[in-house]
Trainee: 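Dropping a structure here in structure tokens format, bear with me for questions.
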Amino acid sequence: MRAFNVAKFGGTSVANFEAMSRCSAIIENNPQTKLVVSSACSGVTNLLVELANGVQDAERRLAVVKELADIHNAIIDQLAEPVKVEKEVHAILDSVASAAEAASFQSSKKLTDHLVACGELMSTHILAQLMRERGVDAVRFDIREVLRTDDNYGKAEAQVEEVKRLAQEKLIPLCENQVVVTQGFIGSDEQGNTTTLGRGGSDYSAALIAEAVQASGLEIWTDVPGIYTTDPRIAPKASPIPEITFSEASEMANFGAKILHPSTLVPAIRHGIPVFVGSSKEPEKGGTWIRQQVEESPQFRALALRCNQTMVTLRSDKMFHAYGFLAKVFEVLAKYKISVDLITTSEISVSLTLDKTDTSGGAPELHQAAREELEQLCTVEVEHNLCLVALIGNQMETKGYAKQVFSTLGDFNLRMICYGASDHNLCFLVDAPVAKNVIQTLHQELFEG
Ligand code: ASP
Ligand code: MG
């Protein structure tokens with residue numbers, strides 16, 4: 001592996017001139033950082049999504065475009081030489097205005113990706129210039145030349161081998177002499193159309209790029225100083241975790257700790273690239289290293305909470321001592337592209353939770369056609385308003401482990417307990433109104449002793 005570091009900065013890290021300057025200082029402090037991946041400035045992607053959904057009211061449309069212009073102009077105005085990027089950024093803003101008008105007549109996933117990509121395209125122009133003004137030999141690079149994806153607009157999948165090949169040809173040579181500043185979140189398909197990897201996808205971009213250039217490290221700079229034993233807003237005594245394994249961190253990312261996009265670790269694990277998570281606002285506070293191997297593997301590592309769970313229970317007497325029933329159920333789920341998260345079974349019933357597959361923020365729904373088809377096999381019950389509590393740790397099969405966890409939870413109703421499939425994870429559902437209390441109680445008992 002080469003001494004080659006990739007640093008990714010999230011939206012809040014590049015929100016304004018001061019924030020961008022802090023990013024530059026972090027880059028300047030590590031001469032091994034050759035590649036910088038940036039999100040759009042904070043709030044920008046949301047505004048672009050609004051436009052992409054089609055704003056009929058012309059006045060509102062103009063107001064949103066103006067808001068976008070204001071966010072970027074406020075930073076440009078503080079540059080020593082605004083003229084160096086003004087033209088480029090304003091051209092992108094013009095294209096936003098015309099695409100927004102087109103979307104008000106007819107929106108499409110392809111047009112949406114074209115529009116929402118503009119946030120990263122603008123932020124990287126400005127960040128690269130700001131870095132140059134601080135004396136860094138920085139060059140902006142359009143990652144669409146390298147990050148080849150399929151044409152599943154809105155949630156495109158990267159073509160890893162092709163990305164590696166293109167990185168070798170176009171990106172690595174540039175990084176040899178300069179610090180390259182490029183976009184997270186976006187890519188392009190074979191036809192050259194802009195695609196995106198899904199909301200929050202720039203962590204994943206950074207990991208894909210780090211893999212493609214065989215980086216020796218990936219830093220994810222965000223607005224929290226690393227991974228904590230649980231969300232400190234829920235349990236104020238939550239403490240930072242200096243080091244955590246890939247397996248533990250993957251469980252955390254999958255089970256709701258919002259700190260990393262769940263796919264981020266996949267390329268890092270494939271390539272054994274250590275990942276650092278820290279706050280660009282307070283880099284001196286340190287952060288969390290995620291690696292293959294760590295010094296300490298405590299039994300209780302962290303607690304994650306994910307709300308808005310949908311639980312589906314399927315019951316049928318025909319299941320009794322029969323075979324093939326689950327296969328039929330999963331055939332239906334597969335047909336409707338429904339991804340299942342947790343599952344537990346009894347002799348005549350099976351309960352499962354639905355994975356969140358869209359970006360709406362609401363609870364996933366079992367759609368009607370799928371439900372009707374399942375009802376031909378069994379009875380179907382759907383429950384909402386549940387939260388998933390995940391306890392992440394090590395050697396969970398050890399004597400007394402479950403007792404210690406569940407004796408703490410004597411006062412709560414627990415639903416659907418999943419224990420045993422993973423060495424690193426025990427999870428269960430609780431009713432939404434008590435979920436925070438469950439986290440607080442468990443944290444106090446297992447982590448604050
Ligand atoms: N700007 C994109 C978003 O807000 C991607 C990212 O920041 O990760 O979803
Ligand atoms: Mg983000």
Side-chain angles (χ1 to χ4, degrees), residues 6-16 19-20 22-23 35-53 64 67-68 71-72 75 89 92-93 96 99-100 109 111-128 140 142-144 147 149 152-158 181-188 194-211 218-224 253-254 256-268 275-281 356-362:
V6 175
K8 180 257 164 176
F9 295 92
T12 50
S13 298
V14 293
N16 52 46
M20 279 195 184
R22 284 193 293 267
C23 298
L35 196 46
V36 175
V37 177
S38 177
S39 287
C41 304
S42 184
V44 166
T45 310
N46 288 344
L47 292 170
L48 292 168
V49 167
E50 182 183 343
L51 292 176
N53 288 341
V64 174
E67 206 176 321
L68 287 166
I71 292 171
H72 295 95
I75 315 178
V89 173
I92 296 171
L93 284 167
V96 166
K109 284 188 164 182
L111 182 58
T112 297
D113 274 2
H114 166 78
L115 247 173
V116 299
C118 291
E120 274 72 7
L121 291 172
M122 290 190 279
S123 66
T124 45
H125 269 302
I126 303 173
L127 179 60
R140 176 185 180 272
D142 191 327
I143 201 65
R144 291 174 295 182
L147 217 139
T149 69
N152 185 16
Y153 301 111
K155 201 160 185 13
E157 204 31 76
V181 178
T182 195
Q183 304 80 27
F185 181 49
I186 73 173
S188 73
T194 301
T195 56
T196 67
L197 306 184
R199 288 307 302 271
S202 48
D203 289 348
Y204 183 36
S205 292
L208 287 165
I209 297 167
E211 180 186 33
L218 168 62
E219 295 170 6
I220 306 271
W221 294 98
T222 166
D223 52 5
V224 288
N254 283 324
K258 285 208 194 67
I259 191 153
L260 279 183
H261 185 279
S263 309
T264 309
L265 293 174
V266 177
V275 179
F276 173 83
V277 183
S279 160
S280 64
K281 219 171 189 172
K356 237 187 104 34
T357 48
D358 63 7
T359 46
S360 63

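Counting begins at 1 with the first residue of the sequence. We count ligands from 1, going down the list as the structure has it; atoms in each ligand are counted the same way.
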Trainee: Judged by atom type as modelled, is there a donor-acceptor pair below 3.5 Å linking the side chain of D203 to the main-chain atoms of H261?
Mentor: yes
Trainee: Please check if the side chain of S205 supplies one atom and the backbone of F185 the other of a donor-acceptor pair under 3.5 Å.
Mentor: yes
Trainee: What atoms of ligand 1 come within less than 4.0 Å of a heavy atom belonging to S202?
Mentor: 5 (C), 6 (C), 7 (O), 8 (O)
Trainee: Among T194, T195, T182, which residue satisfies the side chain to side chain donor-acceptor pair (under 3.5 Å) criterion with R144?
Mentor: T194
Trainee: As an exercise, identify every atom of ligand 1 less than 4.0 angstrom from a heavy atom of S39.
Mentor: 6 (C), 7 (O), 8 (O)
Trainee: Output yes when the distance from some N or O of ligand 1 to some N or O of E120 is under 3.5 Å, and no in every other case.
Mentor: yes
Trainee: Counting C-beta onward and ignoring hydrogens, is there a side-chain heavy-atom pair between D223 and K281 closer than 4.5 Å?
Mentor: no
Trainee: At a 4.0 Å threshold, what atoms of ligand 1 neighbour a non-hydrogen atom of R199?
Mentor: 3 (C), 4 (O), 9 (O)
Trainee: Would you say G200 contacts ligand 1, with heavy atoms under 4.0 Å as the rule?
Mentor: yes
Trainee: Can you give me the closest heavy-atom contact between S39 and V14, atom names plus distance?
Mentor: O-CG2, 3.7 Å
Trainee: Are any of the heavy atoms in G201 under 4.0 Å away from ligand 1?
Mentor: yes
